[in-house]
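Note sheet for the following structure.
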Amino acid sequence: MSGLEDLYREIILDHYRNPRNRGTLESPPAIRQEGFNPLCGDEVIVYLEKTDEGNNEPKLVVRIDGRGCSISQSSASLMAQSVNGSTVPEVRKLIKDFKSLMSIHETNLGGEPEDEASLDPVDTDKMGELAALQGVVKFPVRIKCATLSWNTLLQAMEELEI
Amino acid sequence: MSGLEDLYREIILDHYRNPRNRGTLESPPAIRQEGFNPLCGDEVIVYLEKTDEGNNEPKLVVRIDGRGCSISQSSASLMAQSVNGSTVPEVRKLIKDFKSLMSIHETNLGGEPEDEASLDPVDTDKMGELAALQGVVKFPVRIKCATLSWNTLLQAMEELEI
Amino acid sequence: MSSSASPRILNVDKIRKDFPILETSKNGKRLVYLDSAASSQRPDSVLEAMDDYYHTTHANVHRGVYSIAENATALYEKARVKAGKLINAPKPSKEIVFTKNATEAINLVAKTWGLVNLGESDVILTTKMEHHANLVPWLMLKEQTGCRISYLEIDSNGELILDDIESKFDGVKLLAITMASNVLGTIPPVKYLTEMAHKNGALVLADAAQFVPHRQCDVSDLDVDFLAFTGHKVMGPTGIGVLYGKEELLDAMPPFLGGGEMILDVTLEGFKTNEIPWKFEAGTPPIAEAVGLGAGIDYLTAIGYGAIGEHERGLLDYCSNSLKTTFGEKITLYGPKETTKRTGLISFSFETVHPHDVAQILDDHNICVRAGHHCAKPLMYRLGLSATTRVSFSIYNDTHDIDALIIGLVQVVEMLG
Amino acid sequence: MSSSASPRILNVDKIRKDFPILETSKNGKRLVYLDSAASSQRPDSVLEAMDDYYHTTHANVHRGVYSIAENATALYEKARVKAGKLINAPKPSKEIVFTKNATEAINLVAKTWGLVNLGESDVILTTKMEHHANLVPWLMLKEQTGCRISYLEIDSNGELILDDIESKFDGVKLLAITMASNVLGTIPPVKYLTEMAHKNGALVLADAAQFVPHRQCDVSDLDVDFLAFTGHKVMGPTGIGVLYGKEELLDAMPPFLGGGEMILDVTLEGFKTNEIPWKFEAGTPPIAEAVGLGAGIDYLTAIGYGAIGEHERGLLDYCSNSLKTTFGEKITLYGPKETTKRTGLISFSFETVHPHDVAQILDDHNICVRAGHHCAKPLMYRLGLSATTRVSFSIYNDTHDIDALIIGLVQVVEMLG
Ligand SMILES: Cc1ncc(COP(=O)(O)O)c(C=O)c1O
Ligand SMILES: Cc1ncc(COP(=O)(O)O)c(C=O)c1O
C-alpha cells in the first residue's frame, strides 16, 4: 500500500475534491485550449490570459475546466495555483521543473527524454505543494494524467505567443 | 524417389521436351487467352478457334504458347493434343474428367471443391496419355501448374461464347 | 443469487490450468483478470501450436515448392477455413480474409468497397455505441467522399431506439453496426436490421469483435455482407484479425494494399490482381498467428458457445447483484437490464471516484479492470461521462474473482469516496 | 576456395542448436534450409520471449492502468526502441511505426504521404529490380493520382546504370528503391542516390527488407526519409513489420487506418489524430510479435553484422564457385560478380530445367530453395526469364548445406537436363 499512499497524498486528494481556480475566462481575449489524454479520455481545458502591468513583466491568469481522474484534476489545480499571478519566465521555470519531476520515468517507458536538460535534478523543496505529485513517477501510466494540464498550458502559451 | 518418378513420368518429360501443338493462331478470329500461375509466374497462352463443320458440331483448334515448368508445359501439350479436333461437348467432358483427376487434393489445401460433381471418380483408363498427370496429385502445389492451361482453355471457351 | 451458477456449467479450476498467466501473483495476491473484452488470455495450446509451427514447418507461404512451405501454406489455409466455419461462412476458403486486427478489416471495406461505392448523396448508418474501429474509418471516408453519416440513438438502458426505423434507411448505402457493444454489452438486433437494410438496398457490415468471443455467430443466418472480428479476443494471438465478406462483393472490390501475393502479374505499367481472398492479403501474412488463432478457435469450440453463454450470464447476474447490494446508490451500472440482451461485461461508475483511480487501487489488489473511454468516445459523450470502469468475463473467471473485485472496490470507496 | 571460411567466423554448429527446425529431417535427410530470403528461421529465444510475454504479462497496450497492461505497454515500446536502434533512427520512440509487414509499411507511405503530395506532373523514380511490395503500391498510386513512374535500368551484372543519373531526377518527388535486391542480391548505392534525390528536391523511401537481415543499416548516415523492413526475415515472428520515417514527415502526414489508439478525440462529426507514432497504429498492435522481434534483434546483434557479412560472403564465394565448377556452361548465375556488392543469395538457372522442377527434386533431398518470379516480375521480364532458382544464406548455413545442394542439383540435371 505504500505506493498507493504515495500517489494519493492528502494534498492531492484535497486539490481533487476542492479544485482551485476552476472556471472559465472570456475567450477572446483569453486563450481557450483543450487537452486530451488519449489513454482515458481525460480532458482539461485551460483558459489563459496575461495582465497588462505597464512596463513591468505581464502576469498570467489561468482558469481550469474539464474532468478526469484525481491525478489529472489535482495536477491542473496545483498548476493553476502556481501559475496564477506569475510572470512568463517564472512559469517557464515552473514547467521545466515540473517536467523534470515527471520525465525520469517517461524515459523508461521507451521514449527518449525530450531534451537532455529535462533530466536535471529538481529541488523539490522549492516546489511547494507541487512536489506532492512526485509519487506519480512510481506509476508511469499516470504521468500522462499529471502532465496533461501542463502540456495544455504550454500550448495555450504558444497560442498567446509568449 | 517413387513420388518423384510418379511425377516425372516418361510421357510428361516427352511432352515437356517435345511439346505438341505449339504455336499461335491469328487473333482475331482466334481467341488469345493468357493464364498465369501466381505461385511461380508460369505463363500459358491458349489460342482457340472453332471450325465450321456446316450442320455438324464445330470442332476446336488449339495452339499453345508461353513458358513454364515441366508440369505446366506438358499439361498444356497434353491438353492441346486431346482438345484439337474435338467437339465442344467432348471437350467439356475432358475438362471435367481432368479436373476430377486433380481436384481431390485441392480440397485438402483448404478449399471447398468447386462443385460436388467434380469429386466423381474418373476412369483413368479412358483418358489416354492425360492420365500420366495423375502423379501430380501427390504434389499439391503442382496441381496449379497442371491445371493452368485447362483453366485458361475454359476462359478462352467463355470468350468464344461456347 | 447464483453464487454457484458458474461452477456447475464450466469447470473453471480446470480451465484456469490451461492459462498460466492466471497462476501468477503479485505481492502474494493472485491475478484476477477482468479485462477480457480488451484482450483475452490464451490457453497454452495456442502457444504450443505456434511454437510447434515454428519448430517443424515455418516457411513463407503460397510461393514455395518444398515440403515445409507446402505444409505452412496448408496450415495457413486450414486456419482460414476454421475461422470461416466458426462464423458459418458459406465459402470459408474464399470469403475469409486475414488482416492484422478487426480494425484493419473494417478499414479494408471502407477503403475499397466504400471508396468505390459511396458519394455525396449517400449515407452510412451506424449507432451511437460504436467502437472507434467502426466509426473512424467511416469518418475518414466521409472526408474523402463527402458522404454523410447518421446515427441510431440509444435509450437509457443502452439499447437501440428502433422507432420509425424504416425512415432511418433513407439514402443509406451501408449499415455499419456493432454486434455487441464493448461498453454496454448490448446486443443489437442485427438480423432484423440486416433485413431492413437489404429491403432498402443497403449493405451491412457487422463489427463482431465483442460478439464472436461470447456467442455463436452465424453469417449465413444473419445474412450480413461483411463481418469483422479479431484474434486476440477469441483466445488467439495478437497480430491477426478476420474479415468475412460475401464472395461476389469481395470479387468486385478493388484491391486494398499492393505487394506480393495479391497479384497475378506485374509489369512496369500496371498489375493484375489475384483471386479472392489473396487479392486482399498483400505481403507475407500472419502465418504463425493464423495457426495460433486456429488453436484458439478449437479451444473455444471444444468448450462450446452454449456453456460459455450460460457461464457468463451467471457471472453477470452475480456481479451486478453484488455491486448493487454493496454500493447501492453510490454506483451506476450501464447497459441493458436483462442479462439475455447482453454479453459478459459490466460498465459502472461511482459518483465520487474516477474510473482511473478505481483501476489504480484495484491494481494494488492485482485485479485488472479497464478504466477509460473504451475507444467509444461518442458513446461517452452520449452518456455524459468521460470514462467508466469496465469488468468483463471469460471462461476462466468465476465468482471468486467477483468477490475479490467487491473487496477491492470497498477499499476504493473508503480511500477516495 | 573458401571451404573453411565460414566455420572460422561463426560457430554454425552451435548456432544451429538454437533453431530446432534445423534439427528436423525427412526420410532420413536433415533439413537444408536455403530460403532465408523468403523468411528466416528464428532462434528459440524469440519463441521463449513471446511465450513468456503471454505467460506473465499479456494485456492490451496503451489503455490499461493495471500492472500487466503497463508492463505490456513498456515491452511493446521497448521493442520499438530496439527496432529503431537497429537502424540507428535518431528518435526511435517517435520515428518507428509497427506495421504487419514491410508491404504494409510501404503502402502506408503511398496512401498517406503519396496521396497528399503527388499529382499528375510528379514522378516516382524506382528501379527495374524492385520487389512487388515496392512497386505495386506506386502503381496503385499512379492510378489514383495520375503521377508517372520511371525506372532506373540495370546492366547485365544486375547493377543499376547510373550514367546521366542527374537527368533521371527530373520532376521526381520520390525515389523508391530497394537496398538489396531479393533476386540478384545487388546492393545499390542508396546513400549516393539519396544525396542526389535530396539535391533535386525528392524524398527517398528505402526498401530494406533484404538489407537489414544482412548488413548494418544506418538511416542517420543514409539520410533516407522512409525505410521499411519486415520482422520474419530478421529472426522475428510473422505478423510484424517496421516503418521508419523522419519525425517531421510523419508528423505532417495524414493518418492511415482509422480506429482505436490513433485518435485523441472522436465525436459524431470527426476526430483528432494522436501523436506519432501511434497516429499510424490503429487498433490493437502486434504486441507479442513486437516482443518477439525485439528478441530476434537481440540475437542478431549479439552475433554482429560484421561476422554475419563475412560469413555470408564466404558462403557466397563457396557456392558460386561450386556451381560454376560443377555445371560450367549449363548454369547461369545472376547478379553482381563481386561478393562485396551483394548480399548472401544467388539466383541461377539451368538452360534445360525449369526452376520449379529444380526445387521439386531438391525437396526430395529435404533441401529448401525458392523457385519462381520472387515477387519481382518486371525484373524477370527484364532478364528475359519467367523464373529463377534462388538459394539464400543465413547465419545457420554452412558449406555442408552447399555441398548437399550441389549433390541435389547433379541429380536434377541427370533427371531433367
Ligand atoms: C525486397 C523485399 N521487399 C519487400 C518484401 C516484403 O516483405 P513482407 O512480405 O514481409 O511484407 C520482401 C519479402 O518478401 C522483399 O524481399
Ligand atoms: C467492438 C469492438 N470493435 C473493434 C475492436 C477492435 O479490435 P482490434 O483492436 O483488435 O482491431 C474492438 C476491440 O478493441 C472492439 O471492442
Side-chain angles (χ1 to χ4, degrees), chain C residues 20-21 24 26 35 38-39 41-42 47 51 54-56 58-60 63-68 100-104 107 132-133 135-137 139-140 151 232 237-239 257-260 263 265-268 270-271 282-284 286-289 356 359-360 363 368 370-372 375 377-378, chain D residues 20-21 24 26 35 38-39 41-42 47 51 54-56 58-60 63-68 100-104 107 132-133 135-137 139-140 151 232 237-239 257-260 263 265-268 270-271 282-284 286-289 356 359-360 363 368 370-372 375 377-378:
Chain C
I21 196 171
T24 63
K26 191 178 74 174
D35 196 21
S39 195
Q41 300 300 340
R42 52 219 31 70
L47 309 185
D51 287 353
Y54 282 125
H55 283 163
T56 64
H58 176 69
N60 215 326
R63 294 174 226 156
V65 186
Y66 51 86
S67 306
I68 59 170
K100 67 176 175 181
N101 51 29
T103 303
E104 189 192 17
N107 277 272
H132 294 160
L135 186 47
V136 181
L139 291 170
M140 291 172 87
Y151 296 87
H232 66 95
T238 55
L257 305 182
I263 55 89
D265 191 24
V266 182
T267 67
L268 300 178
F271 62 94
T284 304
I287 312 171
E289 288 73 14
H356 241 192
Q360 186 81 62
D363 179 49
C368 308
R370 189 114 316 210
C375 293
K377 289 200 84 171
Chain D
I21 195 171
T24 63
K26 190 178 76 175
D35 196 20
S39 195
Q41 299 301 338
R42 52 218 32 68
L47 308 187
D51 287 355
Y54 282 125
H55 282 161
T56 63
H58 175 70
N60 215 327
R63 294 174 226 157
V65 187
Y66 51 86
S67 305
I68 60 171
K100 66 176 174 178
N101 52 28
T103 302
E104 190 193 16
N107 277 274
H132 294 160
L135 186 47
V136 181
L139 290 169
M140 291 172 86
Y151 295 89
H232 65 96
T238 55
L257 305 182
I263 55 89
D265 190 25
V266 181
T267 67
L268 300 179
F271 62 94
T284 305
I287 312 169
E289 290 71 15
H356 241 192
Q360 186 80 64
D363 179 49
C368 308
R370 189 116 315 210
C375 293
K377 289 201 85 173

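We use all heavy atoms of the structure for the numbers below, so side chains are in, but hydrogens, waters and symmetry mates are not.
Counting only heavy atoms from C-beta outward, the side chains of D:D363 and C:V65 never approach each other to under 4.5 Å. Side-chain contact check for C:I287 versus C:Y54: every heavy-atom pair is 4.5 Å or farther apart.
For C:N107, the part sitting under 4.5 Å from any heavy atom of chain D is the side chain, from C-beta outward, and nothing else. Residue D:L135 touches chain C through its side chain alone, counting heavy-atom pairs closer than 4.5 Å. Heavy atoms closer than 4.5 Å to chain D are found in both the backbone and the side chain of C:T267. Only the side chain of C:Y151 comes within less than 4.5 Å of a heavy atom in chain D; its backbone stays farther off.
Between chain C and the residues D:V266, D:L139, D:N60, the most heavy-atom pairs under 4.5 angstrom are made by D:V266. Ranked by heavy-atom pairs under 4.5 Å with chain C, the list D:G259, D:G260, D:P286 is led by D:G259. The greatest number of non-hydrogen atom pairs below 4.5 Å with chain C, out of D:A59, D:P237, D:S67, is found for D:S67. Per-residue counts of heavy-atom pairs under 4.5 Å with chain C were compared for D:T24, D:L268, D:I68; the largest is that of D:L268. Annotation: maximal heavy-atom pairing with chain D below 4.5 Å, among C:K26, C:Q41, C:K100, C:E289, occurs at C:E289.
Residues C:D265 and D:K377 approach most closely at OD1-NZ, 3.0 Å, considering heavy atoms. Shortest non-hydrogen contact noted between D:P137 and D:H132 is CD-O, 3.5 Å. Contact record, D:T103 with C:A282: CG2-CB, 3.7 Å, taken as the closest heavy-atom pair.
In this structure C:T56 satisfies the side chain to side chain contact (heavy atoms under 4.5 Å, CB included) test together with C:D52, sequence neighbours excluded. In this structure, C:D51 has no salt bridge (charged side-chain N to carboxylate O under 4.0 Å, His left out) partners at least two apart in sequence or on a different chain.
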